[in-house]
Amino acid sequence: TYVVTDACIKCKYMDCVEVCPVDCFYEGENMLVINPSECIDCGVCEPECPAEAILPDTESGLEQWLELNAKYSAEW
Ligand code: SF4
């Protein structure tokens, strides 16, 4: 799955939302999040993000962001 990180906070450009083929972006408290069980790992959103806030979960140190993405996307 791909993960939205803190660079997204108060960004809300929504470019990523428009390109995601499975509509798995959701509104978190002050940033967007990706639902990890819906994301198909296509990678299309990553280069679209003007804040470079979207990263693949294969990068290290993303545990807290993974958790937050899962938490806020599950509330919908
Ligand atoms: Fe959507 Fe693809 Fe980005 Fe996953 S990697 S959030 S499926 S655009």
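Residue numbers count from 1 along this sequence. Counting convention: from 1, in listed order, for ligands and their atoms alike.
For ligand 1, the atoms sitting less than 4.0 Å from at least one non-hydrogen atom of Phe25 are 6 (S), numbered in the order shown with element in parentheses. Below 4.0 Å from some heavy atom of Pro21 lie the following atoms of ligand 1, by number and element: 8 (S). Atom numbering of ligand 1 starts at 1 in the shown order; those under 4.0 Å from a heavy atom of Val22 are 7 (S).
The neighbour count for Glu38 CD, taken as heavy atoms of other residues, nucleotides or ligands under 6.0 Å away, is above 12. Heavy atoms of other residues, nucleotides or ligands lying less than 6.0 angstrom from CD of Glu29 number 12 at most.
In terms of hydrophobic clustering, with Ile, Leu, Val, Met, Phe, Trp and Tyr side chains grouped at heavy-atom distances under 4.5 Å, Ile54 and Met14 are assigned to a common cluster. Grouping the Ile, Leu, Val, Met, Phe, Trp and Tyr side chains by contacts below 4.5 angstrom, directly or via other members, places Val3 apart from Ile40. Clustering ILVMFWY residues whenever any of their side-chain heavy atoms sit less than 4.5 angstrom apart, transitively, puts Val33 in a cluster other than the one holding Val19.
Scanning the protein for heavy atoms near atom 1 (Fe) of ligand 1, the closest one is Cys20 SG, 2.4 Å. Here the protein heavy atom with the shortest distance to atom 7 (S) of ligand 1 is Ile40 N, 3.4 Å. Shortest contact from atom 5 (S) of ligand 1 to any protein heavy atom: Gly43 N, 3.2 Å. The closest protein non-hydrogen atom to atom 6 (S) of ligand 1 is Cys24 SG, 3.4 Å. The nearest heavy-atom contact from the protein to atom 2 (Fe) of ligand 1 is Cys42 SG, 2.2 Å.
Using a 4.0 Å heavy-atom cutoff, Pro56 is absent from the residues neighbouring ligand 1.
Looking at Ser73 and Cys24, their side chains never come closer than 4.5 Å, going by heavy atoms from C-beta outward. Thr1 places none of its side-chain heavy atoms less than 4.5 Å from the side chain of Asn69.
Between atom 1 (Fe) of ligand 1 and Cys39 there is no N/O/S contact shorter than 2.8 Å. Residue side and main chain included, Cys45 places no N/O/S atom under 2.8 Å of atom 4 (Fe) of ligand 1.
Contacts of Cys16 with ligand 1, taken as heavy-atom pairs under 4.0 Å, are absent altogether.
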